Amino acid sequence: MLVRGAGMLIRGGRVIDAGGDRQADVRLGDDGRIAEVGADLVPHEAEVVHDAAGKLVVPGGVDAHTHMQLPVGAVRVSDDFASGTRAAAVGGTTTIIDYVNVTRGQGPMAAVAQWRALAEPAAVDWGLHLTFTETVPESVVAAGVEAGITSFKLYLAYPDRLQVDDGTIVRLMRFARRQGALVTLHCENGGAIEELRRQALAEGRTSIIEHARTRPAILEGEATARAAVLAELTGAAIYIVHVSSANSLAAVRAARQRGVDIQAETCPQYLYLGTGKLEGPDAPDFVCTPPLRDPWHAEELWEGLARGSVQTVATDHCPFWRADRRAGVSARPGGARDFTEVPGGLPGVETRMALVWAGVNAGRIAASDWVRLCCEAPARTFGLWPAKGSLAQGSDADVVVWDPERRQSLAAAELDMVVDHSPYEWFISRGWPELVLSRGRVVARDGRFSGVPGWGRYVARAPRAY
Ligand code: MN
C-alpha cells in the first residue's frame, strides 16, 4: 500500500533552515517531499493551503538520543515506540534515533532485528544506533553500516554491565574509521565512580543526592578527555553524548583545538535542572546519568550552544513510572534500598523543541541556532542530511509550523508521553507546534496527535566520509 501525502502550500511563514532565515512559502509535494521554497508561490488548484503568517516554518526535529521500551533490571522504560513517537510528533520531532543495546554474549544483528520489530508501530521515522558492551569483530561494524547503522556507542562507565576498557575503545575506533562510522561515547570514569559508590554505601550515605556526589563532574571531564585522546590516536570521529558539565565541555573544546573530530551533545535537563532537585520527596524522579549538576554548569552549556562548541541537543529520553523509580531496578520488597537502585533517565522527547526554543525567548541563542541544534546538526552528524533536518527541495516533507505565541504547559498531565511525572511541571512554554508533518502527512495539529501508528519508517543512515 502506497500512502501519499496530499500536498500542501504553507504560506507566509518565517522559514528557517540551513538555507537561511527568511519570509517564504513552502510547497510540499504529494510524494512526501519538499517541492519548492520561494516567495509568493501561487496555490495549485485543490491544493491545501496553510496560512503560517506570524509563525515559523522549520524542519521537523531530529532527536538523536532516545531509549524507547528499554528494560533496565526489573523495570522498563514507560514509553514504547508507539507512544514515544506519538509524543515526539506532538512536540515537533519527526525523527528519532534510538539506541539498540547489545548485552554481553548477545548477537548484535539479532538485537537489531528485535529492536526493528519493536519499532514497527512508530508514528514518525526512526533510525538506530548500536551499543556494544564488549569487543566485536570488524565484520559486525561493517554489517551495521551495511544495514544503515552508522554510529556505535561505548560506555566508559557502569563496569558491571556496560563499560568497556580502553583497548576495546581503540579497536572500535579503528574499525569505525575504516567503515565510515561515528563512535558515540558515554563519558564518565566508571571505575572511580564505582569506588565512590562503595564508599558512600559503606558509610551509610544512601540518599538520592549521593547519586550526584558519587559521579562528580571532574570524572566526566576525565573520561571525555581520555576518549578525545583515543580519537586523536586513531583518527576516528567521535560524539560525546549528554555532556552535562563545564569539565566535559572544556575537554571537548581543547580536543577540537588540537584538530580532533569531536562533537558534543547536551540535553535539556542539563540546561534547566540542578542538583537541588535530588533532595526531597520527588528526588527519585530526577535521577539521570550523568547526574544533574550545580547550576553554573548550565550557564557554560548555554554558552557552548550559542558559540557552537556544543553541536546538538538530544534528550536521552528514558522515562520511568514513579512507582518503578521507587521500587528500584531490583524490584526489592520494600523498594529501592539506596540511590544505586533507582533507575536513571528522564522523559523528554516531547519537550525538547520547546525547552531549547525557550533559550531563544530568553535571548540566549538565535532562532537559527535552535533549528541548527535540534534539526540540522543531528541530521548531518548521523547521516540523515539532507533528507532530514532540511527544507530544501527534495528533502523529506518533515515540517513544523511553530507558533511562537502558543502557550503549552509541560506538566505531565498536559503531555502525551506515557509517564506520570514531568521534570518541568512548573514550566509554561511560550511556543509550541501548530502543525507537524512527517513526509507530508499531518501527524499533529493544534497540539493534538493526528498521525497513525506504523506511519514511521526505518531510516537507513549514510556512512561518513573520512
Ligand atoms: Mn542514553
Side-chain angles (χ1 to χ4, degrees), residues 62-73 75-81 84-85 87-88 93 95-103 111-112 115 118-119 126-133 149 151-164 182-190 193 211-212 215 219-220 223-224 227 238-245 248 263-271 273 285-293 301 310-320 324-325 329 342-352 355 378 381-382 417 419 423:
V62 178
D63 188 345
H65 188 161
T66 68
H67 300 281
M68 301 300 172
Q69 226 153 320
L70 181 73
V72 180
V75 302
R76 182 179 287 271
V77 164
S78 55
D79 262 321
D80 59 19
F81 275 90
T85 54
T93 288
T95 307
I96 64 165
I97 312 178
D98 204 76
Y99 276 96
V100 181
N101 200 42
V102 186
T103 53
V112 169
W115 228 249
L118 288 178
W126 49 279
L128 299 174
H129 309 276
L130 197 44
T131 301
F132 298 128
T133 54
I149 300 174
S151 48
F152 301 93
K153 184 181 183 186
L154 297 174
Y155 281 84
L156 281 64
Y158 303 109
D160 54 335
R161 55 195 181 91
L162 300 172
Q163 187 174 333
V164 294
L182 177 69
V183 179
T184 79
L185 299 124
H186 175 125
C187 291
E188 289 184 293
N189 183 319
I193 287 167
H211 174 66
R215 311 186 83 91
L219 295 183
E220 188 189 7
T224 306
I238 65 170
Y239 174 96
I240 312 300
V241 296
H242 51 47
V243 167
S244 71
S245 67
S248 178
Q263 294 191 59
E265 161 196 291
T266 192
C267 312
Q269 54 268 35
Y270 304 115
L271 299 172
L273 308 172
D285 300 336
F286 292 92
V287 172
C288 57
T289 305
L292 302 179
R293 304 296 189 188
L301 294 173
V310 179
Q311 285 73 32
T312 295
V313 181
T315 62
D316 200 5
H317 178 75
C318 192
F320 296 99
D324 284 345
R325 292 175 171 280
V329 293
V342 178
L346 301 179
V349 75
E350 188 173 5
T351 50
R352 178 185 66 128
L355 289 164
T381 299
F382 291 103
M417 295 182 285
V419 63

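From a predicted model like this one, the values you see are computed outputs, not experimental measurements. Counting starts at 1 for both ligands and their atoms, in listed order.
Around the Mn ion (ligand 1), the protein atoms of type N, O or S that sit closer than 2.8 Å are His65 NE2, His67 NE2, Asp316 OD1.
In this structure, Lys153 forms a cation-pi arrangement with Tyr99, its terminal cationic atom sitting closer than 6.0 Å to the ring centre and no more than 45° off the ring axis.
Taking all atoms of both residues into account, the shortest heavy-atom contact from Ala264 to Val310 is O-CG1, 3.6 Å. Residues Phe382 and Ala64 approach most closely at CE1-CB, 3.5 Å, considering heavy atoms.
A side-chain contact (heavy atoms from CB on, under 4.5 Å) with Ile96 is found for exactly one of Leu128, Val349, Thr315, namely Val349. When each of His242, Arg293, His186 is checked for a side-chain hydrogen bond (donor to acceptor under 3.5 Å, both in side chains) with Glu220, only Arg293 meets the rule.
Residues passing the salt bridge (charged side-chain N to carboxylate O under 4.0 Å, His left out) test with Glu188 are Arg215, sequence neighbours excluded.
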